[in-house]
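Remarks on the structure that follows.
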2 protein chains.
Amino acid sequence: MRRRTLHLDASKVGAEWQNGDDCREILQLLDRIGDKWTVMVVGALTPGPMRFNMLMREIDGVSHRMLTLTLRGLAQDGLVKRTAYPTIPPKVEYELTELGRSLIEPLSALAAWVTRNRPAIEKARASFPDAA
Amino acid sequence: MRRRTLHLDASKVGAEWQNGDDCREILQLLDRIGDKWTVMVVGALTPGPMRFNMLMREIDGVSHRMLTLTLRGLAQDGLVKRTAYPTIPPKVEYELTELGRSLIEPLSALAAWVTRNRPAIEKARASFPDAA
DNA sequence: CAGAATCCTTAGAGATACTG
DNA sequence: CAGTATCTCTAAGGATTCTG
């Protein structure tokens, strides 16, 4: 018997986690949410709206192309609002929507986890049998 | 001036999010944590220890190879404990470590977010200008 | 300035077969 | 049963160029 809701209770999560019901779509979304650049963009936009080139500079390592694609994806998903000012030269501002902002919390929780446990993970890596 | 800690306070996260100090390594870890199969494995292992083939069956869509690689990675990072019983045929059990279990919570928070907001996202996608 | 289009390169991942 | 090793192939992503 399979439930459709995801409980936060850690001890019960597993059951519906991989139940295949809506698991596929969840994972598909996780792929977008967990995407490297997506995380970066959300992080960069957290303080407030930003223009394209500003994001480019802010994000460090992102290519023009990937930033475009990521932003478009986020806009499609309603996480980011794109505002184009028809000036010359063009000016386009991106900002998190309400939905987008609601993602900050779980995402930063994860970031916090990483920060908190990085030492442990690095220790584990180092002490792993035949560590590369 | 840059802090090294990640605050959970949504309004302040952005600043250190992309500050480049330890951002690189955080992202690198996020890549592993956010990885499709990693999420699946953690989910599958949440209820308790499991053997390789069981995981194969449980996870649906994972190839033999990817499961091996994912599990090895998780073991290296100390998130999963691998126990091999030297019997014939071999029997290998995987289970979450303490560290691994601590990941369940933030991960399921994210999963919960996806579940909660999937309708909104799908609506956004559908109503997007020239939706594919 | 923002973005579209093109090319090109590689790493990721599936399929398959072999081994202890 | 669990794991390794190859081979292959696709598609993600970088660099570059062009346009409104």
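Note: CG (B/Asp31) to P (C/dA13) measures 11 Å, nearest angstrom. Here the P atom of nucleotide C/dA11 and the CG atom of B/Asp35 are 17 Å apart, to the nearest Å. When rounded to the nearest whole Å, the span between CE of A/Met50 and P of C/dC1 equals 16 Å. Atom CD of A/Gln76 is separated from atom P of C/dG3 by 13 Å (rounded to the nearest Å). Across the protein-nucleic acid pair, B/Phe52 atom CZ and C/dG20 atom C1' stand 15 Å apart, rounded to whole Å. We find that CG of A/Asn53 is positioned 6 Å from P of C/dC1, with the value rounded to whole Å. Atom pair A/Met56:CE and C/dG3:P shows a separation of 11 Å (rounding to whole Å applied). The interatomic distance linking B/Leu69 (CG) with D/dA5 (P) rounds to 11 Å, in whole Å.
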Check the pair B/Leu71, B/Phe52 against side chain to side chain contact (heavy atoms under 4.5 Å, CB included), reporting the backbone distance first and the verdict last. CA-CA 9 Å; B/Leu71 285 169; B/Phe52 188 88; 3.9 Å; yes
Does A/Glu98 form a salt bridge (charged side-chain N to carboxylate O under 4.0 Å, His left out) with A/Arg101? I'd like the steps, not just the answer. CA-CA 5 Å; A/Glu98 192 52 46; A/Arg101 273 193 298 278; 2.8 Å; yes
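Counting non-hydrogen atoms under 4.0 angstrom, B/Tyr94 reaches the backbone sugars and phosphates but no base.
When each of A/Arg118, A/Arg125, A/Lys123 is tested with B/Asp77 by the rule salt bridge (Lys or Arg N to Asp or Glu O under 4.0 Å), just one qualifies, namely A/Arg125.
Two residues, A/Pro89 and A/Arg72, neighbour DNA chain C, and the one matched to the more 5' nucleotide by heavy-atom proximity is A/Pro89. Nearest-nucleotide assignment on DNA chain D puts the 5′-proximal partner with B/Met54, out of A/Trp37 and B/Met54.
For the pair B/Arg82 and D/dA2, the criterion of a side-chain N or O lying under 4.0 Å from OP1 or OP2 is not met.
For the residue pair B/Ala120 and A/Leu99, the shortest heavy atom distance occurs at CB-CD2, 4.2 Å. Between A/Val80 and A/Leu45, the shortest heavy-atom contact is CG2-CD1, 3.8 Å.
Within residues 61-68 of chain A, the residues having any heavy atom under 4.0 Å from DNA chain D are, by residue number, A/Ser63, A/Arg65, A/Met66.
In this structure, the separation between CE on A/Met56 and CE on A/Met66 is 12.0 Å, given to the nearest 0.5 Å.
Using a distance-only test at 3.5 Å, with no hydrogens or angles considered, a donor-acceptor pair links the side chain of B/Arg32 to the main chain of B/Gly73.
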